Amino acid sequence: MTSIKLKTPHTGEYEQPTGLFINGEFVKGVDGRSFDVINPSDESVICQVHEASEKDVDIAVNAARKAFEGEWRSVTPCDRGKYLSKLADLFDENVDLLAAVESLDNGKAITMAKGDVGAASGCLRYYAGWADKIEGKVIDTNPESFNYTKKEPIGVCGQIIPWNFPLLMWAWKIGPAIATGNTVVIKTAEQTPLSGLVAASLVKKAGFPPGVVNVISGFGKIAGAAIASHMDIDKVAFTGSTVVGRQIMKAAAGSNLKKITLELGGKSPNIVFDDADIDNAISWANFGIFFNHGQCCCAGSRIYVQEGIYDKFIQRFKERAAANKVGDPFGADTFQGPQVSQVQFDRIMGYIEDGKKAGAKIETGGKRKGDKGFFIEPTIFSGVTEDMKIVQEEIFGPVCSIAKFKTKEDAIRIGNNTTYGLAAAVHTTNLNTAIEVSNALKAGTVWVNSYNTLHWQLPFGGYKESGVGRELGEAALENYLQTKTVSIRLGDALFG
Ligand code: NAI
Ligand code: MG
């Protein structure tokens, strides 16, 4: 069996694919292994999905290679766009199903999951529009030659995605890769394989030629590692932890020097000046850290507030955080569901204990919520010092620290006091402060008077140890293209 009938609280019965999607079909793994898919809201087993071994990765890569060298090459750029556009339409038509599957498997609130589906279809449609706008240049060097550059796809792309935005990361990866004419083998995270498989069924429905998009479920150390070191994968795109990002880079170096892009962790500062609109700043601070249960690579986990409004800010911010509705992801007004897994739950609770031991003060939260499911109260630490683990390391949960600063220079210095550089935010009504501070922050994205407002048209990625390359926007296309220079000698004069 490569599918199963499932129900979610928001859909009737639906057909959940469980196989590996290889060469346009759902198939079992060669070794016949499968693994449990867990519902993080109640820790129950939803179903089993087939697990990709190294051999299955090989089979998927062969399918992607065959498609790349064969049928896919003869598909016009315009038609590549049509496939993506059709897929985007299918995402929109299936928004309720895709969102419900995401909430079931990942635990995110259904309203947020619907937002993810919309952002995923927006991303696919955006890249559909790029497919027939990939252009080279003519470069004049001298009268004896005619030179031009051509942008060519890289080839077979391995893509490894995490569990925090399973469907959205799927779209971020597939969109630019397909628009530029590559073929892909994408591995979803072992914690959240379901939505990627439903999306694979939509790939089939959209009529993509077999082998162009292959979607496999499996573990990082097995299928993920096989992708990273595969000799016939030309490029790997990874989103996940910095630790694994380093391993991917090493594996690429140790195998065929495949191109890599990495989108890794963060410890992003959210800086609030005295002159900020305090109501807005509190709202964005709350959304900045607690959106998606803090499981965001760009989460605003270090909040710095200027001394003039600090006391007022912290009082109101903690009231706001405590009022966030934590509970059943399918509840209409739920803001925060469970963390994705036992491992993540334990890791976050470990950080909370560590913060307490180090002498930081819990302003609100700090505890498990309920006794079933991986729910954690929104947690704010004050009384922190810059060297504390909870201020330096990515927690990836609903936990932030808040501290005071005096001057603009202090804010910039502490904002940049991290090995990461994914995102940052500045709240101020002074235009000069906004521009000066955003210029000085070493981060791939700086939000002014907002937070987490990502958009598929805007490049996203990391400075420093937060990554290599950019996703989204026109910038992402570069990661999936290589430049060929063709230089034609003109005239019939003999050389030399
Ligand atoms: P992870 O980096 O282990 O997992 C992300 C993806 O990489 C998954 O698909 C996984 O199967 C794969 N993977 C794991 N080991 C691999 C290997 N050796 N070779 C190739 N692929 C491999 O992240 P994990 O353990 O789920 O979460 C740990 C921490 O990572 C989180 O607490 C958070 O700090 C960070 N993280 C950051 C994310 C981001 O959006 N930048 C997303 C997920 C996690
Ligand atoms: Mg799950």
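In listed order, ligands and their atoms are each counted from 1. It should be emphasised that the depicted structure is a prediction, and the values quoted were computed from it without experimental measurement.
Annotation: atom 20 (C) of ligand 1 to nearest protein heavy atom, Gly224 C, 3.1 Å. Residue, atom and distance of the protein heavy atom nearest to atom 26 (O) of ligand 1 are Trp163 NE1, 2.6 Å. Atom 18 (N) of ligand 1 has Gln247 OE1, 3.0 Å as its closest protein atom, hydrogens excluded (heavy atom only).
Contact between Ala225 and ligand 1 is present, with at least one heavy atom of the residue lying under 4.0 Å from the ligand. Ligand 1 has Gln191 within reach: a non-hydrogen atom of the residue lies less than 4.0 Å from it. In this structure, Phe238 is part of the shell of residues with a heavy atom less than 4.0 angstrom from ligand 1.
Within the 2.8 Å limit, Ile38 places at least one N, O or S atom next to the Mg ion (ligand 2). For a distance bound of 2.8 Å, the N, O or S atoms of Gln191 include one lying that close to the Mg ion (ligand 2).
When the heavy atoms of Ser217, Gly158, Pro162 are ranked by distance to atom 43 (C) of ligand 1, first place goes to Pro162. Summarising the contacts of atom 10 (C) of ligand 1 with Gln159, Glu190, Lys267, the nearest heavy atom is found in Glu190. Of the listed options Asn164, Leu264, Leu262, Leu264 places a heavy atom closest to atom 41 (N) of ligand 1. Closest heavy-atom approach to atom 31 (C) of ligand 1 within the set Gln295, Gln344, Gln339: this belongs to Gln344. The residue among Ala223, Gly266, Ser241, Gly220 with a heavy atom at the shortest distance from atom 2 (O) of ligand 1 is Ser241. Across the listed options Gly240, Gly265, Ser466, Cys297, Gly240 owns the non-hydrogen atom lying nearest to atom 37 (C) of ligand 1.
Residue-to-ligand polar distances keep Ile160 apart from ligand 1: every N/O pair is separated by 3.5 Å or more. Every N/O-N/O distance between Ile248 and ligand 1 stays at or above 3.5 Å. Between Glu394 and ligand 1, a contact under 3.5 Å exists for at least one N or O pair. For the pair Phe396 and ligand 1, the shortest N or O to N or O distance does not fall below 3.5 Å. Polar contact check, Phe219 against ligand 1: no nitrogen or oxygen pair lies under 3.5 Å apart.
Salt-bridge formation is detected for the pair Glu471/Lys173: a Lys NZ or Arg NE/NH1/NH2 atom is positioned less than 4.0 Å from an Asp or Glu carboxylate oxygen. At a threshold of 4.0 Å, the pair Asp56-Lys28 does not count as salt-bridged, since none of the basic side-chain nitrogens sits closer than that to a carboxylate oxygen. A salt bridge is defined here as a Lys NZ or Arg NE, NH1 or NH2 lying under 4.0 Å from an Asp or Glu carboxylate O, and Glu377 with Lys367 meets this definition. At a threshold of 4.0 Å, the pair Arg470-Glu263 does not count as salt-bridged, since none of the basic side-chain nitrogens sits closer than that to a carboxylate oxygen. Contact check on Asp42 versus Lys372 returns no salt bridge, with no Lys/Arg side-chain nitrogen under 4.0 Å from an Asp/Glu carboxylate oxygen. The residues Lys325 and Asp333 are annotated as salt-bridged, a charged nitrogen and a carboxylate oxygen being separated by less than 4.0 angstrom.
Annotation: the span from Phe460 atom CZ to Thr445 atom OG1 amounts to 5.5 Å, rounded to 0.5 Å. One distance of note links CG of Leu194 with CG of Leu98; it measures 11.5 Å at 0.5 Å rounding.
The two residues Ser201 and Val198 have their closest heavy-atom pair at OG-O, 2.5 Å. Shown here for Leu262 and Gly245, the closest heavy-atom pair between the two residues is CD1-O, 3.7 Å.
Shown in contact with Arg347 at under 4.0 Å from a heavy atom are these atoms of ligand 1, numbered in order with element: 27 (O), 28 (C), 29 (C), 31 (C), 32 (O). Of all atoms in ligand 1, numbered sequentially from 1 with element shown, those under 4.0 Å from a heavy atom of Glu263 are 41 (N). Here is the list of ligand 1 atoms found below 4.0 Å of a heavy atom in Ile161: 6 (C), 8 (C), 9 (O).
Aromatic rings of Phe291 and Phe335 (six-membered ring for Trp) have centroids beyond the 6.0 Å cut-off, not under it. The ring of Phe396 has its center closer than 6.0 angstrom to the ring center of Trp163.
In this structure, atom 4 (O) of ligand 1 has no protein heavy-atom contact shorter than 4.0 Å.
Trp447 and Tyr451 have tilted rings, their planes meeting at an angle from 30° to 60° on a 0 to 90° scale.
Each of Lys267, Glu363, Arg302, Met388 was evaluated against Ser401; a single residue qualifies, Arg302, per the side chain to side chain contact (heavy atoms under 4.5 Å, CB included) test.
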